[in-house]
Trainee: 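Pasting a structure below so you can have a look.
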Amino acid sequence: MSVAGPDPKREAAESTHVESRPQMNIVIVGHVDHGKSTLVGRLLADTGSLPQGKLDKVKRECARTGKPFEYAFLLDALEDEQDQGITIDTARCFFKTAARDYIIIDAPGHIEFLKNMISGAARAEAALLMIDAKEGVRENSRRHGWILGMLGIRQVVVCVNKMDLVGYSQAAFDAIEKEYRAFLTGIGAVSPKAFVPIAAITGENLTQRSQAMGWYRGDTVLDMLDGFAKQPPKIALPLRMPVQAIYKFTEHGDDRRVIAGRIETGKVQVGDEVVFSPSNKSATIRSIEGFNAAPRASIEAGWSTGFTLSEEIYVTRGEVMSHKAHAPMVGTRFRANLIWLGRTPMTQGRDYKLKLHTSAIPVRIRKLNKVLDASRLDGELAKDHVGRHDVADVVLETAKPIAFDLSRENDGTGRFVIVDGYDVAGGGIIVESVTDEQDTLRSEARMRDFSWIPGGVTAAERAQRNGHRAALVMFLGKPQVGKHRYARALEKALFDDGKNPYLLDGTNVLLGVDHDLSAEATQDELVRRFGEVAYLILNAGAIVVSTTNAIGMADYGAVQALIGGNPSIAVEVDPTGRSTAACDLRIKGTESEAEVIAKVVTLLKQRQVFSA
Amino acid sequence: MDHLDQLEQQSVFILREAYRHFDRLCMLWSIGKDSTVLLWLARKAFLGHVPFPLVHIDTSYKLPEMIAYRDRLAMEYKLTMIVGQDAASIAAGNTFPATKDLPADDPRKLTRKQCCGLLKSGALKATLHGSGVRKRLDLATGKYEIEPDSEPYTGVIVGARADEEGSRSKERYFSPRDKNNAWDVGDQPPEFWNQFKTDFAPNTHVRIHPLLDWTELNIWEYIKREAIPTVSLYYDQGDGKRYRSLGCGPCQSPIDSTSRNVDDIIAELKSGALKNIAERGGRAQDQEGRGGLEDLRKDGYM
């Protein structure tokens, strides 16, 4: 058999060294007809990045048809060639300078292609924004400026193009710079690194300094590009690794249990104690796993990696791994700036799916602060929904607590998309956290868990012996509707099935733990104590089945906040059939015990409390 | 972290996202350099394992060396290796090579593109959908057996690169295809940062492109760095010719090049000697009529 190429077993280690050239993705944005194509054509021509003879061919073609030559024609010509299978395409152009290779990502200026503009710009590390000196600041100059800021592109240079049409006037240039800077400051967007007066058509200030604009003392566009800093991985920021998956490839004879994900920021080393949010579970890093890579003791931002932990804790995708001292925020509400691209408007009262780092969770608009026409961005629209291409300032509320950061502090865990049906319909950034009713209890639980002194038996070992994880099943509802009857039957059934259940009756907590509370004691304190007691029994590995009159549906969220990452199921017994409270199972109280038990067992299996 | 590391890490991230979101996931393996790098990246992502099937469409016109190489790696890496084929067209002589000597006006005569449409796009669609026969390599015996699983794949990982050819530069990392495998180039979902389209309607599927940002040079640099085995067709065997892109025997031609190994190819690409030659220039079907590969791709071609 003839298989050539390097053989890993034979090849000497030093011969695999590769010196790859640095590369930067840039995007050119701006209003339609403000000169993006001319600039791209000119950059390709002036850096010698066109196929041989292309420039002459297009010039000859122009001379033959009597059209004045324009650099933008180069792009059309390239597009024609694409039909014939030639490599260059306008969606991505490649050029190189002495410093590095560049990819120019196409970002159409037409509003219909806003989705493409965003997709292109989201991959860019730096941007050139074109403004026509004669037309001035237009609709997409503003919209694109806002979008660059939202996408987190911090290196922006504004090219004031077609200076030849305004007589190379410094006053015209200064006026545009003043107006556009004021606009960006007004909306709190990114501040451009510089404004450059150019005439792309003649190449003024593109690769060579302009003779016609002696008053301009700054760099050329090409020097500006080479001056953009390659953004280094964010190692100095606190550790954030959203959990992407837990891998265990036992069928391939591999018994490692690996917590996999990409480190967004910071660094971590073997032996570090780490915590997972929102479950507050903690463990120590035992090893850093990889394939065909040298073993390592530490790893940092930018790497898609995996870890084994000293203790087998139950964590899931969507949690964020960090160090204890610098954990992310956890909550259900935050204020965000978003742009909507969906054909159907975003409305209040409807459930959408939020995708934030690796978590995905139902979300709603809690409050619509304001809606802006993305073409102007300086005046509010009187709207009760977010229409296509609108920009909005909203408070979002997730169905369950999630871990996040403010985007200005950590953009990897501070930006999100919203899915409507099957489609990504919007995207945005978190600008502020907003408190919800459970914030106090949630912080109490976090402080408690971060300082928790573990015993010598782990939760995984208990789960192994019990044949199930710990979980809480709460029967809730008015007095005398049958809660106790169902709870008792469930406890007995689980016990007879070999499980380790415990019936926690609220009355017993009132009689003992709450004995010191006076009649005026707040409901909050009753709930807090009940939650803490339930948490202790959960830590002992039991399936806690509770029935109580002291705690209502309204307090369920508070109890959840206190029991950390333990799965919980709320069963509401409601004979009226009128309740609309959020619960996992609603029954009338007329169902047989066996029927209710079967439904709860199904839910417990869905939550992976046990499998059989 | 250098540029190759960044490309590698992004691809690993994409592969892991694909594995998380698609229960019915497969990876297309053409045996060429790009999809072999992709296979290697999967082993990186899944710590030495490849937890989904590799699908190869065998037109029967592939060079024997490619098939031998495929099966050797499949055994060594313990792959779930699935092979699909339009056996009916091949048996009936319904192909370009079998009809090329017929007179121009003969109705049985097939163009290269029509042949690709049957043996590649058609066979691929049928294999992905499960309506076509899937054969699976038995790792114990080294023989191919009929695969009983005929459920459609809903996530398909493909090694397309943006710099390779015009139409591929318009792709997203996660690119939906409708129930006819068609690609709506004009109306693609937005791709914010690393949030991809992972929700999809029944009967549609998503093509996943972890190599979109890689260039031909990056691929060879990575093959060198990781010491990934490749087929010898890519190298000059002494006649001053080598294949730059691998397809079916009758429709591909080698380029003039004296690159005898990976280092030579890297030097050749860096020198700019191939700047004016399209990478797929040796693939005759791309040159047939306007639209070329984009037409084939809209219809489900890789």
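Proteins get letters first, then strands, A, B, ... in listed order; numbering begins at 1 in each.
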Trainee: Shortest non-hydrogen contact from Y247(A) to R16(B)?
Mentor: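 Result for this residue pair: OH-CG, 3.2 Å.
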
Trainee: Working to the nearest 0.5 angstrom, can you tell me the gap between Q195(B) CD and I418(A) CD1?
Mentor: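 If we round to the nearest 0.5 Å, Q195(B):CD and I418(A):CD1 are 11.0 Å apart.
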
Trainee: Checking heavy atoms, do the side chain of E8(B), its backbone, both or neither come under 4.5 Å from chain A?
Mentor: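 The answer is the side chain of E8(B).
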
Trainee: Of all heavy-atom pairs between D2(B) and V18(A), which one has the smallest distance, and what is that distance?
Mentor: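 In this case the closest contact between D2(B) and V18(A) is OD2-O, 4.2 Å.
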
Trainee: Go through the atoms of Q10(B) and report whether side chain, backbone, both or neither lie under 4.5 Å from a heavy atom of chain A.
Mentor: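 Both the backbone and the side chain of Q10(B) come within 4.5 Å of chain A.
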
Trainee: With a 4.5 angstrom heavy-atom cut-off, could you sort out which part of T198(B) is near chain A: side chain, backbone, both or neither?
Mentor: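 Looking at T198(B), backbone and side chain both touch chain A.
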
Trainee: Answer yes or no: is there a side-chain heavy-atom contact under 4.5 Å between K353(A) and D199(B)?
Mentor: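 Counting from C-beta outward, K353(A) and D199(B) do come under 4.5 Å.
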
Trainee: Given that the side chain runs from C-beta out, which part of D213(B) has a heavy atom under 4.5 Å from chain A: side chain, backbone, both or neither?
Mentor: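 Contact with chain A involves both backbone and side-chain atoms of D213(B).
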
Trainee: Side chain, backbone, both or neither: which part of Y222(B) has a heavy atom under 4.5 Å from chain A?
Mentor: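 Contact with chain A is absent: no heavy atom of Y222(B) under 4.5 Å.
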
Trainee: Please answer whether the main-chain N or O of R20(B) pairs with a side-chain N or O of R317(A) as donor and acceptor at a distance below 3.5 Å.
Mentor: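 No: the side chain of R317(A) does not pair with the backbone of R20(B).
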
Trainee: For each of L356(A), T305(A), N25(A), tally heavy-atom pairs with chain B at distances under 4.5 Å, and name the one with the top tally.
Mentor: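 Ranked by heavy-atom pairs under 4.5 Å with chain B, first place is T305(A).
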
Trainee: Is any side-chain heavy atom of R123(A) less than 4.5 Å from a side-chain heavy atom of L212(B)?
Mentor: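 Yes; the side chains approach each other to less than 4.5 Å.
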
Trainee: Is there a donor-acceptor pair closer than 3.5 Å between any side-chain N or O of Q244(A) and the backbone N or O of F13(B)?
Mentor: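 Yes: the side chain of Q244(A) pairs with the backbone of F13(B).
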
Trainee: Under a 4.5 Å cutoff for heavy-atom pairs, which residue among K270(B), K78(B), E17(B) has the most contacts with chain A?
Mentor: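 Among K270(B), K78(B), E17(B), the one with the most close pairs to chain A is E17(B).
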
Trainee: Measuring heavy-atom distances to chain B, does L151(A) have an atom under 4.5 Å in its side chain, in its backbone, in both, or in neither?
Mentor: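 Interface part for L151(A): both.
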
Trainee: Could you tell me which portion of V419(A) (side chain, backbone, both or neither) has an atom closer than 4.5 angstrom to a non-hydrogen atom of chain B?
Mentor: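 The answer is the side chain of V419(A).
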
Trainee: Among the options K355(A), R415(A), K230(A), pick out the one with the most heavy-atom pairs lying under 4.5 Å from chain B.
Mentor: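 Top count of heavy-atom pairs under 4.5 Å with chain B: R415(A).
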
Trainee: Surrounding NZ of K44(B) (heavy atoms of other residues, nucleotides or ligands, distance under 6.0 Å), is the total greater than 12?
Mentor: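 Counting neighbours around NZ of K44(B), more than 12 heavy atoms of other residues, nucleotides or ligands fall under 6.0 Å, so yes.
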
Trainee: Is R43(B) close to chain A through its backbone or its side chain, or both, or neither, when contacts mean heavy atoms under 4.5 Å?
Mentor: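 Looking at R43(B), backbone and side chain both touch chain A.
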
Trainee: Identify which part of I118(A) has an atom lying under 4.5 Å from any heavy atom of chain B, answering side chain, backbone, both or neither.
Mentor: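 Both backbone and side chain of I118(A) come within 4.5 Å of chain B.
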
Trainee: So does P189(B) get a backbone contact from the side chain of K115(A), meaning a donor-acceptor N/O pair under 3.5 Å?
Mentor: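 Here the side-chain-to-backbone pair does not exist.
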
Trainee: Does a donor on one side chain and an acceptor on the other come within less than 3.5 Å for N218(B) and R21(A)?
Mentor: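 Short answer, no.
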
Trainee: Are the side chains of R262(A) and N194(B) in touch, meaning some heavy atoms are under 4.5 Å apart?
Mentor: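 Yes; the side chains approach each other to less than 4.5 Å.
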
Trainee: I need the residue from Y234(B), W193(B), F192(B), Y173(B) with the largest number of non-hydrogen atom pairs under 4.5 Å to chain A.
Mentor: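 Among the listed options, the one with the most contacts to chain A is W193(B).
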
Trainee: Checking V12(B) against F291(A) for the side chain to side chain contact (heavy atoms under 4.5 Å, CB included) test, could you report, in this order, the C-alpha distance in whole Å, the side-chain angles of both residues, the deciding distance, and whether it holds?
Mentor: CA-CA 11 Å; V12(B) 165; F291(A) 167 75; over 6 Å; no

Trainee: Does any N or O in the side chain of W303(A) come within less than 3.5 Å of the main-chain N or O of Q9(B), such that one atom is a donor and the other an acceptor?
Mentor: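 Checking the backbone N and O of Q9(B) against the side chain of W303(A), no donor-acceptor pair under 3.5 Å is found.
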
Trainee: For F200(B), is it the side chain, the backbone, both or neither that has a heavy atom under 4.5 Å from a heavy atom of chain A?
Mentor: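 Backbone only.
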
Trainee: Of the backbone (N, CA, C, O) and the side chain (C-beta and beyond), which part of M150(A) lies under 4.5 Å from a heavy atom of chain B, both, or neither?
Mentor: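 Both backbone and side chain.
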
Trainee: Look up atom CZ in R172(B) and atom OG in S119(A), then write down how far apart they are to the nearest 0.5 Å.
Mentor: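 Between atom CZ of R172(B) and atom OG of S119(A) there are 3.5 Å.
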
Trainee: Between F249(A) and H49(B), how do the two ring planes meet: parallel, tilted or perpendicular, split at 30° and 60°?
Mentor: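 Aromatic pair F249(A)/H49(B) classed tilted.
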
Trainee: Between F196(B) and chain A, which part of the residue has a heavy atom less than 4.5 Å away: side chain, backbone, both or neither?
Mentor: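 For F196(B), the contact with chain A is made by the backbone alone.
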
